[in-house]
Amino acid sequence: MTHYVAFNAQRAIDYVSTLIDTQQCDFFAPGQTLSAYEFGDGNLNLVFRISDEHNNSVILKQALPYARCVGESWPLTLDRARIEAQVLLNHGAICPQFTVRVLHYCATQALTIMEDLGQLQILRGAQNNAQQFPQLAQHVATYLSHTGFYNSDFYLPAQHKKALVSQFTNPELCQITEDLFFSDPYIDHPRNNYPQQLAPHVQALRNNSALKLAVAKLKARFLSSPQSLLHGDMHSGSIFVDQQNTKMIDPEFGFFGPIGFDIGSFIGNLLLNYCAQRGHIADFVARRNYQTHLLSTLVECYSVFEQQWVSLIEQHTTEQSFKVAGYSEQFMQQVLQDSIGFCGTELIRRTIGLAHVADIDSIRDDDTRLSVQQQTLALGEQLILNAPSCNTKDAFFSLLISQLN
Ligand code: ADP
Ligand code: MG
């Protein structure tokens, strides 16, 4: 096949069979009968599981030339498959233990074949069932600090870094983030989605000029701060987990952006789940216990992230100019303030924008869901407004605790 064709299960099997016959892969032995089915629950792409007779399996993910959740009226570049495969390879070289393994990539068919993580669960569903993952904070922090540091100006020679910035330029997918995070929620836009009862709260947000100024600054940082190679979509649907393992998938929104964006998105999702638990765990004590677990995960994750960044900077900075006294402290303070701000934008856009989270939308009782939505909006607003005055992570944690009680 020399031209792109959107696959069905049979075509996925034929593609893999050709790889086997031409000895371009070693994940299945020759001569096996393969089976396949499509099961992607994501917004944008096709995802097939392909298995042999012994239940060995791989995942084949193929980009469509449009956004799957909307249809052909929303065309979308196939180049996102390249970005995804290349971010996985880059991050996988730095943190193989936390990155899904790429087995094969094909530019023509805009597809990646990767290891099957079906024995793990997607974090969002697990958290909606109140499951705890004691290693999650440490793992996410290690993944973000190491992939962040080794793709940053602290470590990479300037010309090499610029070549990577160019390789990972991802304008169409960045535009989606720019619109959905920083524009749509603050204007009247048909992509927004919220119940009528929330309208006065949304209007109050849009009338808050201090908030809109702060969001404008966050958007500018997102647009113009190629600090490191981000995952770009670090929500709880992009993380597979069990008690021992944490694996990131789906970095098709990856690009060189502000370091605070990924960790801010991740902790934003912890907070969305925290607020949503009012609609899931009826028993007060059980709910408090789970919320305490989420908050400790957040505190541990940010603390370890910061500690690891500081020690990577101390031990492995190659750029002499950055070794001057005081530079790394100021840098980390800016990352903190960005993270808090981006976290706030995630809370707001998941509440009233196009893409919601199941944590909130699956709450059955209308009144409870509405009050959770009010809480996530207000929390997002307070985080964005107060981010610039949080000079230390402890100030951030105090701010959070004051808002959540
Ligand atoms: P999209 O980019 O379209 O949102 P995702 O990469 O998030 O697609 O994948 C959609 C779904 O496919 C995931 O929620 C998960 O259920 C499944 N999936 C994706 N990658 C894997 C994998 N490596 N192993 C097992 N399941 C996977
Ligand atoms: Mg995706």
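Remember, it's 1-based here, ligands and their atoms both numbered in the order they're listed. Each residue takes its place number in the sequence, starting with 1.
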Check each heavy atom of Asp116 against ligand 1 and say whether those closer than 4.0 Å belong to the side chain, the backbone, both or neither. both
How are the rings of Phe261 and Phe342 set to each other: parallel, tilted or perpendicular (split at 30° and 60°)? perpendicular
Within a distance under 4.0 Å of any heavy atom of Ile122, pick out the atoms of ligand 1 and give their elements. 14 (O)
Please determine whether side chain to side chain donor-acceptor pair (under 3.5 Å) holds for the pair Gln167 and Gln86, giving the CA-CA distance in whole Å, both sets of side-chain angles, and the decisive distance to 0.1 Å. CA-CA 9 Å; Gln167 178 189 339; Gln86 293 182 353; 2.9 Å; yes
Is the backbone N or O of Leu156 less than 3.5 Å from a side-chain atom of His160, with the two atoms forming a donor-acceptor pair by type? no
What atoms of ligand 1 come within less than 4.0 Å of a heavy atom belonging to Gly118? 25 (C)
Looking only at non-hydrogen atoms, find the nearest pair between His231 and Asp262 and report the distance. N-OD2, 2.7 Å
Between Phe168 and Phe255, is the gap from one ring center to the other below 6.0 Å? no
Quick check on contacts: which atoms of ligand 1 are under 4.0 angstrom from a heavy atom of Lys61? 1 (P), 2 (O), 5 (P), 6 (O), 8 (O)
Under 3.5 Å, is there a donor-acceptor pair between the Gln337 and Asn391 side chains? yes
Might you confirm whether atom NZ of Lys217 has over 12 heavy atoms from other residues, nucleotides or ligands at distances under 6.0 Å? no
Sort by chain and number the protein N/O/S atoms that are closer than 2.8 Å to the Mg ion (ligand 2), and list them. Asp250 OD1, Asp250 OD2, Glu252 OE2
Geometric class of the Phe182/Phe222 ring pair [parallel <30°, tilted 30-60°, perpendicular >60°]: tilted
Under a 4.0 Å heavy-atom limit, does Ile59 contact ligand 1 with its side chain, its backbone, both, or neither? side chain
Counting heavy atoms under 4.0 Å, the part of Asn45 that contacts ligand 1 is both
Heavy-atom contacts with Val47 under 4.0 Å: which atoms of ligand 1 show up? List them by number with element. 9 (O), 10 (C), 12 (O)
Ligand 1-proximal atoms of Glu115, by part, heavy-atom distance under 4.0 Å: backbone
Tell me whether the rings of Tyr290 and His293 are parallel (<30°), tilted (30 to 60°) or perpendicular (>60°). tilted
Do the ring planes of His91 and Tyr143 sit parallel (below 30°), tilted (30 to 60°) or perpendicular (above 60°)? perpendicular
Please indicate whether any nitrogen or oxygen in Leu117 is less than 3.5 Å from any nitrogen or oxygen in ligand 1. yes
Distance under 4.0 Å to a non-hydrogen atom of Val100: what atoms of ligand 1 satisfy this? 23 (N)
Against heavy atoms of Met114, which atoms of ligand 1 measure under 4.0 Å? 23 (N)
Qualifying salt bridge (charged side-chain N to carboxylate O under 4.0 Å, His left out) pairs with a residue from residues 239-250, counting only residues at least two apart or across chains: Lys61-Asp250
